[in-house]
Peer 1: 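This structure is in structure tokens; I'll ask about it shortly.
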There are 4 protein chains.
Amino acid sequence: MRTVNAAQRAAKREALLDAAAQCFAERGYEATRTADICAVVGMSSGNLFHYFRTKHDVLLALVEREGTQTAAFLTELGAECGPFDALLGLLEAVCEMAADPVAGGLALEISAQAHRDEDVALRYKANDRSFRDGLAELVRAADAAGEIRTDLTPEAAATWLAALVDGVFARVEADPDFRPAEQSAVLRRLVTHLLREGGV
Amino acid sequence: MRTVNAAQRAAKREALLDAAAQCFAERGYEATRTADICAVVGMSSGNLFHYFRTKHDVLLALVEREGTQTAAFLTELGAECGPFDALLGLLEAVCEMAADPVAGGLALEISAQAHRDEDVALRYKANDRSFRDGLAELVRAADAAGEIRTDLTPEAAATWLAALVDGVFARVEADPDFRPAEQSAVLRRLVTHLLREGGV
Amino acid sequence: MRTVNAAQRAAKREALLDAAAQCFAERGYEATRTADICAVVGMSSGNLFHYFRTKHDVLLALVEREGTQTAAFLTELGAECGPFDALLGLLEAVCEMAADPVAGGLALEISAQAHRDEDVALRYKANDRSFRDGLAELVRAADAAGEIRTDLTPEAAATWLAALVDGVFARVEADPDFRPAEQSAVLRRLVTHLLREGGV
Amino acid sequence: MRTVNAAQRAAKREALLDAAAQCFAERGYEATRTADICAVVGMSSGNLFHYFRTKHDVLLALVEREGTQTAAFLTELGAECGPFDALLGLLEAVCEMAADPVAGGLALEISAQAHRDEDVALRYKANDRSFRDGLAELVRAADAAGEIRTDLTPEAAATWLAALVDGVFARVEADPDFRPAEQSAVLRRLVTHLLREGGV
DNA sequence: CATGAATGAGATTTCATTCAT
DNA sequence: CATGAATGAAATCTCATTCAT
């Protein structure tokens with residue numbers, strides 16, 4: 001019995017996080033009312049507070065979930081193919097994500113909130129750290145496999161890969177004519193340059 | 001004297017915009033109270049509304065001012081040296097700006113607000129458009145001067161230069177160890193690759 | 001149970017309208033704060049806005065309710081006795097109402113607001129129209145029953161009956177010694193003259 | 001010198017009262033801003049307070065002026081012709097005034113404010129008292145001249161004459177089709193009945 | 001006296017959170 | 001646990017009034 005309830009609870013928490021992701025992406029964290037989130041999952045307004053102590057907690061949980069999902073994605077990606085192909089595959093995936101208004105909007109919103117909220121910042125930076133660690137790991141592996149040749153440290157390479165990812169997300173928001181899918185060739189070229197071409 | 005008053009008015013408007021920039025960058029637009037802005041310039045709470053009709057108008061004016069300043073900066077830059085050096089100089093400047101918490105935070109906040117506010121979006125995209133137009137113009141000039149060689153159109157090159165700029169801003173927020181000044185060499189290398197190396 | 005809630009809601013709406021009527025009559029619409037209305041029904045300040053979107057909506061609903069009640073009163077009156085007696089009975093009723101500070105003050109306030117607010121004016125005039133239509137109908141019926149004899153059209157007669165009603169309300173406000181109840185004889189005489197005596 | 005200044009002061013006070021009358025009639029006392037009144041006379045906003053201590057004082061002065069003007073009008077009217085004709089002439093004048101939006105609106109606004117403001121009420125009632133006294137005086141004179149025959153006391157007659165005047169003002173506001181000028185025949189008939197026909 | 005910028009109290013409205021049912 | 005009505009603090013914006021110039 002307790003298991004069933006726990007599973008139901010978890011499912012509802014997830015549903016609420018999904019709804020919150022959608023609302024935050026569309027309207028932003030502050031402009032989203034807790035009642036909006038409840039409405040999306042068809043729940044009564046006060047009920048959210050059985051699952052999260054505060055609206056702020058919803059955001060924190062969401063940021064944490066994003067980090068977990070990204071980490072899982074990175075791990076999965078590395079297992080499927082060689083490390084350099086994994087990195088290139090990641091870029092394709094990022095371009096797809098950036099084109100999705102919810103994913104793109106949420107990423108933007110979280111980074112904006114991180115700038116003004118200590119708690120969010122902590123988790124956001126941890127996520128970013130773990131993302132860059134994953135990238136650096138792939139870079140190291142690619143190097144070990146002889147797939148790449150660069151004088152950048154794996155960490156510096158990871159930093160710039162992350163910057164490119166950020167750049168793609170930002171372009172989608174700023175430029176209505178920017179279609180990430182159509183730009184993956186240039187992106188791939190930049191990455192290849194970063195990792196295969198030598199010296200500063 | 002009309003002139004004195006008009007000048008005083010304009011000066012106070014500017015002071016309010018400076019204060020708003022600081023507050024928005026620190027706390028975000030929604031979390032900033034109009035009274036906060038007034039407090040920064042040492043003004044009574046209601047007085048802001050002699051200069052701006054609404055809080056929203058303050059934001060719009062700020063976005064517009066950012067656009068104007070960026071455009072002026074681009075123009076000035078192109079006049080001082082050759083076009084390719086201007087582009088590289090721009091990157092140095094961007095790295096400096098990104099390191100300033102107010103400039104960086106404000107840029108982030110504006111792009112976040114653009115995602116949820118039609119009016120801000122309009123001006124934000126116009127600014128971005130004008131920024132990319134300026135970049136494309138420099139690329140074209142550099143090409144005409146034989147300083148670069150690339151199969152990217154000037155517009156595509158400008159798009160990716162803008163993406164790199166966005167990426168630098170984002171990195172500052174996400175990674176406490178990222179020092180833009182220390183990274184300008186890599187950035188310069190990426191730009192050089194983008195503009196001097198050929199085919200996709 | 002849906003019914004219970006809907007009934008409770010409706011009851012509270014009515015209570016709020018009663019409270020608003022009292023406040024508007026005493027202090028006027030603009031000088032009444034929404035918190036005053038809430039205090040009268042013993043409600044917290046924000047709660048009013050679960051029942052009415054704005055303070056303005058409270059006023060509009062009140063004006064509409066006044067119209068509905070007056071119409072119902074007219075209908076009821078006509079059914080109880082002959083049409084001419086109904087008209088005379090109406091005057092007694094009006095004299096009673098005019099003596100009530102809330103009813104009198106509210107009538108005055110609504111007409112004052114109608115003068116400066118399009119929406120109120122629309123409903124106010126519709127109410128007045130429907131009141132005069134009801135009066136004209138009674139006049140017509142009295143004429144058909146041979147109870148009266150006048151060369152005024154039913155509409156003109158209704159207009160002047162309404163003017164007399166307005167006059168009584170105004171007198172109560174302007175003249176502290178005016179007791180409507182003591183004046184019904186003169187009023188009745190004026191009405192009788194209007195309806196029973198002939199040509200201009 | 002002092003005389004000139006005093007006359008200028010008085011003229012400006014009058015101009016402000018005219019402007020206030022117009023604004024109060026159009027928008028109501030509370031909705032009128034002191035700056036609005038100044039704008040109408042082409043004066044800077046703070047300057048009003050050199051002529052009236054408060055906005056409230058403007059209203060009080062206006063009410064007093066209305067009373068003075070009405071009294072003067074009544075006196076003048078009685079001197080020009082016989083008392084009964086004076087009464088009938090008064091009705092024509094009232095119908096003209098009621099048709100004027102400023103005069104009508106102001107009357108309505110003053111009576112509304114009188115209902116919620118002790119000071120206004122005092123002056124408003126004094127004005128009304130003096131108006132009814134003037135009417136009663138005319139009735140008495142007409143009676144002495146054998147022009148009328150009624151069993152109403154002069155005071156009661158004056159009360160009902162005032163009620164008819166109020167009624168006409170109210171009709172103008174409530175009924176867009178009511179044209180006071182077209183209705184003066186009925187009004188005259190009612191007055192004649194009131195004063196020439198006997199007993200209740 | 002004239003100006004109009006500045007003050008600051010106050011009003012409506014919103015919404016996270018609570019809690020009786 | 002679910003509901004949704006109620007709470008009440010807080011934020012933007014208005015405007016009578018003051019006062020330096």
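Below, each value reflects all heavy atoms present in this structure, side chains not excepted, and no hydrogens, waters or symmetry copies. Note that this is a predicted model, so its numbers are computed, not measured. Per chain, numbering begins at 1; letters A, B, ... match sequence-line order.
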Peer 1: Enumerate the residues from residues 13-41 of chain D whose closest heavy atom to DNA chain E is under 4.0 Å, giving them by residue number; use none for an empty result.
Peer 2: none

Peer 1: Could you work out, with salt bridge (Lys or Arg N to Asp or Glu O under 4.0 Å) as the rule, every residue matching Asp18(D), not counting sequence neighbours?
Peer 2: Arg65(D)

Peer 1: Can you name the residues that form a side chain to side chain contact (heavy atoms under 4.5 Å, CB included) with Tyr124(B), not counting sequence neighbours?
Peer 2: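 With sequence neighbours excluded, Tyr124(B) shows a side chain to side chain contact (heavy atoms under 4.5 Å, CB included) to Ala174(A), Ile110(B), Ser111(B), Ala114(B), given in chain and number order.
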
Peer 1: Please name all residues satisfying salt bridge (Lys or Arg N to Asp or Glu O under 4.0 Å) with Arg123(D), sequence neighbours left out, ordered by chain then number.
Peer 2: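 Scan of Arg123(D) (salt bridge (Lys or Arg N to Asp or Glu O under 4.0 Å), adjacent residues dropped) gives Glu64(D).
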
Peer 1: Apply side chain to side chain contact (heavy atoms under 4.5 Å, CB included) to Ala25(D) and list each qualifying residue two or more places apart in sequence or on a separate chain.
Peer 2: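 Counting only residues at least two positions away or on another chain, Ala25(D) forms a side chain to side chain contact (heavy atoms under 4.5 Å, CB included) with Val102(D), Leu106(D).
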
Peer 1: Please examine the side chains of Phe24(A) and Ile37(A), heavy atoms only from C-beta on, and report whether any two atoms are closer than 4.5 Å.
Peer 2: yes

Peer 1: Under the side-chain hydrogen bond (donor to acceptor under 3.5 Å, both in side chains) rule, collect the residues that match up with Arg33(D), sequence neighbours excluded.
Peer 2: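 side-chain hydrogen bond (donor to acceptor under 3.5 Å, both in side chains) check on Arg33(D) returns Asp36(D).
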
Peer 1: Kindly write out the residues that satisfy side chain to side chain contact (heavy atoms under 4.5 Å, CB included) with Ala31(C), not counting sequence neighbours, or none if the list is empty.
Peer 2: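 Result, side chain to side chain contact (heavy atoms under 4.5 Å, CB included) vs Ala31(C): Arg27(C), Glu30(D).
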
Peer 1: Which of residues 47-55 of chain D sit near DNA chain E, with a heavy atom under 4.0 Å from it?
Peer 2: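 Here the set is Asn47(D), His50(D), Tyr51(D).
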
Peer 1: Sorted by first residue and then second, give each side-chain hydrogen bond (donor to acceptor under 3.5 Å, both in side chains) pair with at least one member in residues 44-58 of chain D; sequence neighbours left out.
Peer 2: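 Listed by first then second residue: His56(D)-Asp117(D).
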
Peer 1: Which residue lies toward the 5' end of DNA chain F, Lys12(A) or Met43(C), if each is placed at its nearest nucleotide?
Peer 2: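 The residue mapped nearer the 5' terminus is Lys12(A).
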
Peer 1: Quick check for you: name the first and last nucleotides of DNA chain F, 5' to 3', having an atom under 4.0 Å from a heavy atom of chain B.
Peer 2: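 First-to-last contact on DNA chain F, by the 4.0 Å heavy-atom rule, is dA11(F) to dT14(F).
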
Peer 1: Out of curiosity, Thr34(C) OG1 to Phe49(C) CZ, how far, rounded to the nearest 0.5 Å?
Peer 2: 4.0 Å

Peer 1: Taking Watson-Crick and G-U wobble pairs with both distances under 3.5 Å, convert DNA chain F into its dot-bracket string, 5' to 3', dots for unpaired and | for cross-strand pairs.
Peer 2: .||||||||||||||||||||

Peer 1: With sequence neighbours excluded, tell me which residues meet side chain to side chain contact (heavy atoms under 4.5 Å, CB included) with Glu26(B).
Peer 2: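 With neighbours one apart ignored, the set is Gln22(B).
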
